[in-house]
**Student:** 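Okay, handing you the structure first.
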2 protein chains.
Amino acid sequence: MTGHPATQPDLGVLAARILMSVQRELFTALAEQGFDDIAPRAGAVLAHLRADGIRASELARASGQHKQVVGSLVDDLEHLGYVERRPDPADRRAKLVCPTERGLLQMAAAAAIMRSIEERHARALGEREYAAFKAALRSVAELPPESPHGTRPPGPGDGA
Amino acid sequence: MTGHPATQPDLGVLAARILMSVQRELFTALAEQGFDDIAPRAGAVLAHLRADGIRASELARASGQHKQVVGSLVDDLEHLGYVERRPDPADRRAKLVCPTERGLLQMAAAAAIMRSIEERHARALGEREYAAFKAALRSVAELPPESPHGTRPPGPGDGA
DNA sequence: CCTTGATAGTCAATTTTGGTGACCATTTGC
DNA sequence: GCAAATGGTCACCAAAATTGACTATCAAGG
């Protein structure tokens, strides 16, 4: 990251700024809607929850966090009543992290807030431009880093 | 953040992913070039350094970190020989954080690495598309959050 | 089968970070 | 020249990430 004011802020600085701003607004709005007991860091788990459950290790991969961190996050969310751990029928080692009723409500609320944030940006940029921006953002997020020699195809590798 | 795999990953998830990937690649490359003693978190300061110096409080604003954090970051970077504190001639309370020779080298190296990362994305997306993407990214990063009533103009308000 | 190696998850200990409140020096506005 | 705001630091505390080890299970191969 190298955003000298002389230079334009670089990709990393911009990403960090957007992340901070989105996080702040999302969790402020969630708190106003009654979800005031979840720490922003729990977003790493909540953002990747699925109604039908997801494995902790997959959460770790998707969020880029270590599995110990995900474990403690899930602990917290479980105590708060947002998720519960259920055994994974397909693998007796694994446990599925499933949202509870309250978890589903939170997911819906967060999705609505994120929609409104993105709609605001879409209005500012123009619908078409924002759609193009979002698509480009996805591409950039999915482009594999560096690949010194034998690049693997950019296929569905990234689970999330 | 609400990126159910069913849904597309949202703005926050994408920003987080890009930030992580950029950080990892940048600091790996810096380490390979001999700058292996700087922690990624110091990027919050390094990214906003200026050759002619910048105040700690401005670093705090630009990076979104508390001034105590910036202080300790600057301490570390000072011990490592990347920056030095000089009194600000314009305000005897303030100190300017100025890059040393080594700091300037680091800034140049980081800028080059970031350029190569962005060039890779530009190749993947197309030069035109990437330029449009980058412009949109800046707009999104600068759009003020929410503004329930009397919006202030989106002028140069954001210091960084 | 029975071994070998990888994967899923947890526990515990350590280290890093981040956050808080108080505090001094200086500047700014009245 | 006094009060309030700003720049910066100190000392302490809480939260968080990283590491390493360990159990249970799965998947391959012999």
Side-chain angles (χ1 to χ4, degrees), chain A residues 1 16 19-20 23-24 27-28 31 36-50 53-80 83-98 157 159-160, chain B residues 16 19-20 23-24 27-28 31 36-50 53-80 83-98 159-160:
Chain A
M1 264 85 85
L19 176 59
M20 282 203 313
Q23 269 205 346
R24 189 159 24 86
F27 282 91
T28 301
D36 56 346
D37 50 359
I38 40 183
R41 72 187 212 107
V45 162
L46 292 171
H48 300 91
L49 267 189
R50 300 167 41 116
I54 182 174
R55 292 190 188 169
S57 54
E58 208 169 331
L59 282 174
R61 270 193 299 274
S63 67
Q65 301 281 325
H66 288 202
K67 52 184 184 175
Q68 291 84 347
V69 173
V70 170
S72 84
L73 252 29
V74 172
D75 281 346
D76 295 349
L77 290 171
E78 196 168 26
H79 291 139
L80 292 171
V83 303
E84 59 186 8
R85 280 183 241 240
R86 304 189 38 183
D88 184 340
D91 188 335
R92 270 186 301 170
R93 291 171 300 180
K95 294 172 188 170
L96 288 177
V97 179
C98 302
Chain B
L19 175 58
M20 283 203 313
Q23 268 205 346
R24 189 159 24 89
F27 282 90
T28 301
D36 56 346
D37 50 359
I38 40 183
R41 75 189 210 105
V45 162
L46 292 172
H48 301 92
L49 267 189
R50 302 165 42 116
I54 181 174
R55 293 191 186 166
S57 53
E58 207 168 332
L59 283 174
R61 269 191 299 273
S63 66
Q65 301 279 320
H66 288 202
K67 52 184 185 176
Q68 291 84 347
V69 173
V70 170
S72 84
L73 252 29
V74 172
D75 280 347
D76 295 348
L77 290 172
E78 196 167 28
H79 291 139
L80 293 170
V83 302
E84 60 186 8
R85 280 183 241 240
R86 304 189 38 183
D88 184 341
D91 187 336
R92 271 187 298 170
R93 292 171 301 179
K95 293 170 188 171
L96 288 177
V97 179
C98 301

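Nothing here was measured: the structure is a model prediction, and the numbers come from that model. Just so we're on the same page: letters track the sequence lines, and every chain starts at 1.
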**Student:** Who are the side chain to side chain contact (heavy atoms under 4.5 Å, CB included) partners of B:Arg85, not counting sequence neighbours?
**Tutor:** B:Val74, B:Asp75, B:Glu78, B:Lys95
**Student:** If you take all heavy atoms of A:Gly64 and B:Met20, which pair is closest and at what distance?
**Tutor:** CA-CE, 3.9 Å
**Student:** Restricting to side-chain hydrogen bond (donor to acceptor under 3.5 Å, both in side chains), what partner residues turn up for B:Arg86, sequence neighbours left out?
**Tutor:** none
**Student:** Between P on C:dT7 and CD on A:Glu58, what's the gap in Å once rounded to a whole number?
**Tutor:** 14 Å
**Student:** Is there a side-chain polar atom (N or O) of B:Arg92 under 4.0 Å from OP1 or OP2 of C:dA25?
**Tutor:** no
**Student:** Would you kindly give the CZ-to-P distance between B:Arg55 and C:dA25, to the nearest whole Å?
**Tutor:** 19 Å
**Student:** Which atom pair, heavy atoms only, marks the closest approach of B:Gln65 to B:Ala44?
**Tutor:** CG-CB, 4.2 Å
**Student:** Ignoring the backbone of A:Lys67, work out which of C:dA8, D:dG8, D:dG7 is nearest its side chain.
**Tutor:** C:dA8
**Student:** Taking side chain to side chain contact (heavy atoms under 4.5 Å, CB included) as the definition, give me every residue that meets it alongside B:Leu96, ordered by chain and number, with sequence neighbours left out.
**Tutor:** B:Arg55, B:Asp88, B:Pro89, B:Cys98
**Student:** Expressed in angstrom and rounded to an integer, what is the separation of A:Lys95 atom NZ from D:dT23 atom P?
**Tutor:** 16 Å
**Student:** In whole angstroms, how far is the P atom of C:dA8 from the CG atom of A:Leu59?
**Tutor:** 12 Å
**Student:** Please report the distance, rounded to the nearest Å, between CD1 in B:Ile54 and P in D:dG8.
**Tutor:** 10 Å
**Student:** Salt bridge (Lys or Arg N to Asp or Glu O under 4.0 Å) with B:Glu84: which residues, sequence neighbours excluded?
**Tutor:** none
**Student:** Using nucleotides 28-30 of chain C, report all nitrogen or oxygen pairs with the protein that are shorter than 3.5 Å.
**Tutor:**
none

**Student:** Quick one: list whatever passes side chain to side chain contact (heavy atoms under 4.5 Å, CB included) with A:Arg41, sequence neighbours left out.
**Tutor:** A:Ala39, A:Val69, A:Ser72, A:Leu73, A:Asp76
**Student:** Taking all non-hydrogen atoms of both residues, which atom of A:Leu77 and which atom of A:Ala42 are closest, and how far apart?
**Tutor:** CD2-CB, 4.1 Å
**Student:** Look for any protein N or O under 3.5 Å of an N or O in nucleotides 16-18 of chain D and output each such pair with its distance, or none.
**Tutor:**
residue : atom : partner : partner atom : Å
D:dA16  : OP1  : A:Arg41 : NE           : 3.4
D:dA16  : OP2  : A:Arg41 : NE           : 3.4
D:dA16  : O5'  : A:Arg41 : NE           : 3.4
D:dA17  : OP2  : A:Arg41 : NH1          : 2.3

**Student:** Angle between the two end axes of the helix from C:dC1-D:dG30 to C:dC30-D:dG1, five base pairs per end, rounded to 10 degrees?
**Tutor:** 40°
**Student:** What is the distance from CG of B:Asp88 to P of D:dG7, rounded to the nearest Å?
**Tutor:** 11 Å
**Student:** Mind checking whether B:Ser63 and B:Val70 have side chains closer than 4.5 Å, heavy atoms only?
**Tutor:** yes
**Student:** Heavy atoms only: give me the nearest B:Leu59-B:Leu49 pair and the separation to one decimal.
**Tutor:** CD2-N, 4.5 Å
**Student:** Please report the shortest heavy-atom distance between B:Ile54 and B:Glu58, naming the atom on each side.
**Tutor:** CG1-CB, 3.9 Å
